[in-house]
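Since the structure comes first, as structure tokens, the remarks are kept for the end.
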Number of protein chains: 2
Amino acid sequence: MPRKIRQRNTGDAADFPPPTSSGYLVRDAHRAFQRLLERRIAPYGVTRGQWYFLRVLWTTDGLSQRELSARVGMMEPTTVIALRSMERSGLIRRVRARDDRRRVQVFLTAKAKRLRAELLGVARRITEEAEHGLAIGELSVFRRVITRMTANLDQIEK
Amino acid sequence: MPRKIRQRNTGDAADFPPPTSSGYLVRDAHRAFQRLLERRIAPYGVTRGQWYFLRVLWTTDGLSQRELSARVGMMEPTTVIALRSMERSGLIRRVRARDDRRRVQVFLTAKAKRLRAELLGVARRITEEAEHGLAIGELSVFRRVITRMTANLDQIEK
DNA sequence: TCCCATTGCATAGATTTCTAAGTATTATCC
DNA sequence: GGATAATACTTAGAAATCTATGCAATGGGA
């Protein structure tokens with residue numbers, strides 16, 4: 001992902017200038033987080049797509065593919081592809097549930113479990129670097145605001 | 001893009017629980033913004049990829065592909081593909097610069113210019129909906145914090 | 001002036017994501 | 001108990017993105 005060249009704010013309110021739009025600011029921040037995360041987990045042979053699933057499975061192992069899709073926020077076909085790559089990399093095993101043979105449960109391998117502490121450390125470090133120079137109070141306002149924005153948008157149907 | 005099922009915060013600090021991590025919150029918000037934007041510009045036949053380029057060109061028409069790539073924050077091959085689709089949709093013309101025949105300048109068509117006011121309105125409305133119920137002071141802290149986070153991360157090389 | 005590095009764009013191929021439709025298993029209802 | 005619906009996953013195909021490489025035009029130094 002390339003770093004972005006920032007446009008100067010034109011100050012023309014009628015134009016709805018990007019640099020003051022929340023959505024725009026969120027996109028930029030998101031890209032910055034992704035870029036760094038991607039670069040730092042790559043040495044472990046883990047991609048960003050895999051990261052999201054690991055993150056959930058480290059907390060709750062043995063979920064079905066459908067449950068995983070919902071928690072990670074990806075469509076099921078995407079999950080199939082991601083899990084396939086994780087199986088190839090030896091990060092997960094897929095086990096057909098005995099009580100309901102439609103379900104496939106996903107379990108972390110020992111390898112994936114060993115990566116946990118280190119990779120969560122990577123994420124924690126990125127967060128610290130992002131928050132550097134910001135006061136606790138500011139961060140708490142930030143969290144409240146962005147959570148509310150997400151909730152506001154999520155509740156809109158169309 | 002599917003809506004995400006949220007995990008409850010386990011409260012286990014050692015686990016670095018997602019719901020309190022800035023990066024996590026930013027990702028969720030980003031997805032919410034994208035989902036809505038995508039849905040609302042689709043009726044105009046504009047995709048999210050095209051949107052970013054329109055946004056820049058509405059401000060500064062006639063940029064080269066390289067300049068556009070930098071401002072939008074995409075790699076040049078991605079720009080080639082996006083611009084090709086925009087040309088097919090009649091949103092832009094590509095004109096080889098006379099003084100330097102390597103450069104291709106990108107100009108908006110009348111159609112794209114006509115879409116400007118309406119589509120910027122769509123973006124503005126999404127912002128308003130996202131910010132609903134939040135105080136000016138909170139929003140201003142939010143903007144300062146997220147801008148600083150992006151700057152913090154962008155300045156890290158590795 | 002001519003060679004070679006630089007610049008601007010394009011192509012090739014891989015990956016990741018989506019939507020739409022298909023298959024296998026289980027549950028429901030008469 | 002058997003037809004039908006619902007559920008869980010998979011496949012197919014398109015779009016968008018990246019990295020690596022190639023091609024054409026330009027510029028700089030001997």
Side-chain angles (χ1 to χ4, degrees), chain A residues 1-5 27 30-31 34-39 41-42 45-54 62-89 92-106, chain B residues 1-5 27 30-31 34-39 41-42 45-54 62-89 91-107:
Chain A
M1 200 174 350
R3 202 175 299 202
K4 216 170 108 179
I5 300 302
R27 173 175 180 245
H30 178 245
R31 294 168 52 85
Q34 298 308 351
R35 219 165 42 86
L36 204 56
L37 179 67
E38 213 161 65
R39 219 180 295 165
I41 62 179
V46 174
T47 67
R48 218 177 58 213
Q50 300 177 341
W51 166 264
Y52 300 127
F53 291 95
L54 285 175
L63 291 172
S64 73
Q65 299 194 185
R66 173 148 302 178
E67 289 163 335
L68 270 173
S69 302
R71 298 221 198 174
V72 169
M74 284 175 177
M75 298 308 296
E76 293 177 27
T78 307
T79 301
V80 169
I81 289 171
L83 293 180
R84 192 178 295 154
S85 88
M86 293 175 78
E87 196 162 31
R88 267 202 309 271
S89 308
I92 58 156
R93 283 173 306 124
R94 307 206 282 171
V95 180
R96 206 155 269 280
R98 218 173 305 156
D99 54 323
D100 182 344
R101 303 224 318 286
R102 290 170 302 185
R103 297 179 76 234
V104 173
Q105 291 181 283
V106 178
Chain B
M1 202 174 347
R3 204 174 302 201
K4 216 170 107 180
I5 301 303
R27 173 175 180 246
H30 178 246
R31 294 168 52 83
Q34 297 308 352
R35 219 165 42 85
L36 205 55
L37 179 66
E38 213 161 66
R39 219 180 296 163
I41 62 179
V46 174
T47 69
R48 219 178 56 215
Q50 300 177 342
W51 166 264
Y52 300 127
F53 290 96
L54 284 175
L63 291 172
S64 73
Q65 299 196 185
R66 175 149 299 177
E67 290 163 336
L68 270 174
S69 301
R71 298 222 196 173
V72 169
M74 284 176 178
M75 299 307 297
E76 292 178 27
T78 309
T79 301
V80 169
I81 289 171
L83 293 181
R84 193 179 294 153
S85 88
M86 292 175 78
E87 195 162 30
R88 267 202 308 273
S89 308
L91 292 170
I92 57 156
R93 283 173 305 124
R94 307 207 282 171
V95 179
R96 205 154 268 282
R98 218 172 304 159
D99 54 323
D100 181 345
R101 302 226 317 287
R102 290 171 301 186
R103 298 179 75 234
V104 173
Q105 290 181 282
V106 178
F107 292 96

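Just so we're on the same page: letters track the sequence lines, and every chain starts at 1.
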Does [X] reach a base, just sugar-phosphate, or nothing at all? Heavy atoms under 4.0 Å.
| X | value |
| --- | --- |
| B:Arg84 | sugar-phosphate |
| B:Thr47 | sugar-phosphate |
| B:Ser64 | sugar-phosphate |

Between [N] atom [atom2] and [X] atom [atom1], what is the distance in whole Å?
| X | N | atom1 | atom2 | answer |
| --- | --- | --- | --- | --- |
| A:Arg103 | D:dA6 | CZ | C1' | 15 Å |
| A:Glu38 | C:dT17 | CD | P | 10 Å |
| B:Ile81 | C:dA12 | CD1 | P | 11 Å |
| A:Gln65 | C:dT25 | CD | C1' | 15 Å |
| A:Gln105 | C:dT25 | CD | P | 17 Å |
| A:Glu67 | D:dT7 | CD | C1' | 13 Å |
| A:His30 | D:dT17 | NE2 | P | 13 Å |
| B:Leu68 | D:dT17 | CG | P | 14 Å |

B:Arg71 to B:Tyr52, cation-pi by 6.0 Å centre distance and 45° axis angle: no
Grab the N/O contacts between the protein and nucleotides 19-27 of chain D below 3.5 Å, and write none if there aren't any.
{"unit_1": "D:dT26", "atom_1": "OP1", "unit_2": "B:Arg101", "atom_2": "N", "d": "3.1"}

Short side-chain N/O contact to D:dC18 OP1/OP2 from A:Arg35, under 4.0 Å: no
OP1 or OP2 of C:dT16 under 4.0 Å from side-chain N/O of A:Gln50: no
Does any non-hydrogen side-chain atom of [Y] lie less than 4.5 Å from one of [X]?
| X | Y | answer |
| --- | --- | --- |
| B:Arg31 | B:Arg35 | no |
| A:Arg27 | B:Gln34 | yes |
| A:Met86 | A:Leu54 | yes |

Closest-nucleotide 5' rank along DNA chain D - winner of B:Arg48 and A:Val104: A:Val104
Comparing B:Arg66 and A:Ala97 on DNA chain C - which has the more 5′ nearest nucleotide: B:Arg66
Set of residues satisfying side-chain contact (heavy atoms from CB on, under 4.5 Å) with respect to A:Arg98, sequence neighbours excluded: none
Chi angles and distances behind the salt bridge (Lys or Arg N to Asp or Glu O under 4.0 Å) call for B:Arg66, B:Glu76: CA-CA 7 Å; B:Arg66 175 149 299 177; B:Glu76 292 178 27; 2.8 Å; yes
Closest to side chain of B:Arg94, choosing from D:dT11, C:dA10, C:dG8: C:dA10
Residue from A:Arg103, A:Arg94, A:Gln105 passing side chain to side chain donor-acceptor pair (under 3.5 Å) with A:Gln65: A:Arg94
